[in-house]
Amino acid sequence: MPYAALQAEREGVKNNMNRIDRSNKVRTGFHQAKWDEPVIFELSQAGERGVLVPKADPAVQECAGDVLAGLPPALVRETPPALPEISQPCVLRHYARLSQQTLGADVNMEIGQGTCTVKYSPKVNDQLARLPGMAEMHPLQDESTAQGILQIFHETDLYMREISGMDRFSFQPGGGSQAILAMASIAYAYFSARGEADQRDEIITTIYSHPSDAAAPHVKGYKIIYLHPDKDGYPDYEAFKTAVSSRTAGFFVANPEDTGVYNKRVLEFTKLVHEHGGLAGYDQANVNGLLGVTRAKEAGFDMCFFNLHKSFSTPHGCGGPAVGAVGVLKPLERFIPGPLVDFDGDKYCFNHDFADKEFGVGKVRAFYGAAPVVLKTYAWIRSMGPDGLYQVAKTAVLNNNYMFKKLMELDVVDAPYIPGKQRVEQVRYTLEKLFEQTGVSTADVQRRMMDFGMHYWQSHHPYYIPEPMTLEPTETPSKDDIDEYVATLKYIFDEAKSDPERVKSAPHSSVCHQLDESGMDDPEKWAITWRTYLKKYK
Amino acid sequence: MKKLGLIINPIAGMGGSVGLKGTDGVLAEAVRRGAVPHAADKTLRALMVLSPLQGELTVLCAGGEMGGDALESAGLCHQAVYRPAGPACSAADTHAAARAIAAAGADIIAFAGGDGTARDICAAVGEGLPVLGIPAGVKIHSPVYAKSPEKAGELLRLFLSGQTSLTMEAEVLDIDESDYRLGIISTRLYGYLTIPHERRFMQGGKAPSPLSEKSQQLAIAASLAEDMADDSCHIVGPGSTTRSLMDYLQTENTLLGVDLLWQKKAVATDVSEREILACIDKKPAKLIVTPTGGQGYLLGRGNQQVSPRVIKMLGKQNIIVAATPSKLAGLYGRPLLVDTGDKDADALLRGYVRVSTGYREAVMYPVE
């Protein structure tokens, strides 16, 4: 072929070479790893081993003797535990496969985890927590050898005081619900010291506060009184007036509530509870929309807590390390969980003496609080600075209200309460109109979202808002991310109208198809352990 | 093979379509005004949703207009186990058909009608067999009806395919139609029916709760029992929530009547206003009541024995209100209602009331 012709053909071919089309906002090509990976017990083969531990030298054996002989007979097992017996490559394959089947924070956009404040946690903070000097510490080592982490505890306490207006923080509670339990315990200790504990046996909360604001005081033995919203959508102040009395120990509340509605009359509530001698506890697990904007103290609260694994950017560790940092005003300081960390001008040390010997709450768990979590929080706050924290709140609120406006333009989406007004950092939407029009429920849409590598959360129980969908973008996503998320929802809503069965039978490109939920209401069918499964299912 | 029972009240809804409040006793007038039956159409709308179960389902029905004709025209396989005696169907036909279908071993009975039909079904099968109402009547006050025929079909599909197996008791309420036409509403509680429990599909039910209705009622019962003082008489109003308290205390009770408790034991059941007044006269007393589902009437509906006089003698502080969270959520934010027929007694109850909703849990709820 003559050169010119060859050249022309090449150019022709070149002209036919198109770039991959990325104009579609919706990731219709997404497909997640999908197979029915067995439970690890099912992979077990009798006698298979991952590690063959060599026998100890005869001299060592002789020296050690029968190591089990020292145990009380009642503690010695008659049969070895029924652990899976499995080789190393099988273990690796099993867990690598499971990891491919998750929709974790590093894989998908966590816009939909309303109330959970799943923001991007910079990896550098994780690396700090993994530094050998940190990772190899032991909580029982002498405090003279732990000055660095004690300083970080102390300074993080100072930052938390500034952010909240409280006078002292304890990092002991291992999560939000335990922090609420700590607040209930502090209230109980406070009233015990005043001789009023028997008389004050009620805690008031609202239906759109986190359910743990009721559940944790309930565990402490308190009776719970809930407030519904008034006609305008704010916690009902008139109902509150009839609820609060000399029996009130406390008013425990989230603000904004799960609906993203901010109770602007909150100061009147805290004032009234004080007039009746009660305490006000602020659930600030999620303070993301309020950082640098408002403080618990100025809203009239006596105590509050922050979930460091939410607003302060330490990762939600699959139920792993977390801290619900609980802060109080001076009069309550002697009751909070300890020990606390002090600086005497020369060195950092544990303070065990601050606590009321008779009524103090004492420890709510072992040691001092999850140190790596406090370190990550400290690093994040230092990297943001005070202006940065304020910027976090502004961006989180802007992101939320941008998405709110875009979603409310869709005919099947609504959001009960305060029509026409802004929300703070999240919104609980209702897809009731979609359900009425198409029979497609929020659970169907939720499952279909997984086909696009996304997720959202419906609501706490009970569902006061029908067909709920709770979204909280945080400050993390870009405008493009939010646009993609909304476009994906719209794609599914349109699909619900044109092909409802496609949505109802979702997911199609995710880990597994629909689970059979028929046994959910029947305890006879529950198998919450492997042993129960083997017993009940033949 | 699952067995679905089907009963259509062919005249249900006819009065309403021509401006009559109900069809009971005024069918001729409704027909004269041009009303046409549509209960069969609504039933078919529900049955369409069941088409995926064809081949796995036997439909046991009443013959003719009460079901057979509609199934025939839709080409659905069915077996008539009851035939109405004459062309004009009556309450007695609904009653007899329900008994025949139950005897033939139906897993659930779907019935198209209104409150009157629900009463007939209730009289025939009681709480023994799960049932579900397809809304076709003029009056739908009883929360035994699905929100729409399609929702009824969907719920029947879930139940028959085993995807939901939970059931709950729901009230059968009806108003007196002749009074209603004169503008007087007097609702009565006629009993309870057992319905599948999937709240999104039911009239007045919107709050899925992780607890079943029964567990919620048990939690309330435990709480009320704990707070009961031994030196007070407790007047326990009708309803399944209050009955669960009596069951929890393992004492005799009536579902639709008012019972008296002394030291956690029933001392009288199904008492009259006079007996209640006599009790309050002698001892300190507290009243325990639960609102009706759907409408949320606290007093003045189905518990007329608790008269205005009783309420005034007791005072608001001695009235204990209990309701499951699902029932409250089913009010869609509407207040609880009182209509005792006495302005002073109603005024006494207005404002906020503490409603016991679980074990040591309560809600401040408005009453109007």
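Chain identifiers are assigned alphabetically (A, B, ...) following the order of the sequence lines, protein sequences preceding nucleic acid strands; residue numbering begins at 1 within each chain. Keep in mind that what you see is a predicted model, and the values were worked out from it rather than measured.
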*Salt bridge flag under 4.0 Å for residues Lys223(A) and Glu226(B)*: no
One option among Ile225(A), Leu227(A), Ile204(A) has the most heavy-atom pairs under 4.5 Å with chain B, and it is Ile225(A)
Atom [atom1] of [X]: over 12 foreign heavy atoms under 6.0 Å:
X: Tyr352(B); atom1: OH; value: yes
X: Lys497(A); atom1: NZ; value: yes
X: Tyr533(A); atom1: OH; value: no
X: Asp198(A); atom1: CG; value: no

Minimal non-hydrogen separation, [X] against [Y], with atom names:
X: Ala243(A); Y: Met364(B); result: CB-CG, 3.5 Å
X: Arg354(B); Y: Glu202(A); result: NH1-OE2, 2.7 Å
X: Glu361(B); Y: Tyr226(A); result: OE2-OH, 3.3 Å

Distance col, row Asp236(A):CG vs Tyr365(B):OH, nearest 0.5 angstrom, shows 10.5 Å
Notebook entry, point to check: Which atoms of Lys231(A) come close to chain B, meaning under 4.5 Å heavy atom to heavy atom: side chain ones, backbone ones, both, or neither?
Noted result: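 Just its side chain gets close to chain B.
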**Message:** What I'd like to find out is whether the side chain of Arg360(B) reaches to under 4.5 Å of the side chain of Ile224(A), using heavy atoms alone.
**Reply:**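 A side-chain contact is absent here, since even the closest heavy-atom pair is not under 4.5 Å.
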| task | Answer with side chain, backbone, both or neither: which region of Tyr359(B) has an atom nearer than 4.5 Å to a non-hydrogen atom of chain A? | result |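 The answer is both parts of Tyr359(B).
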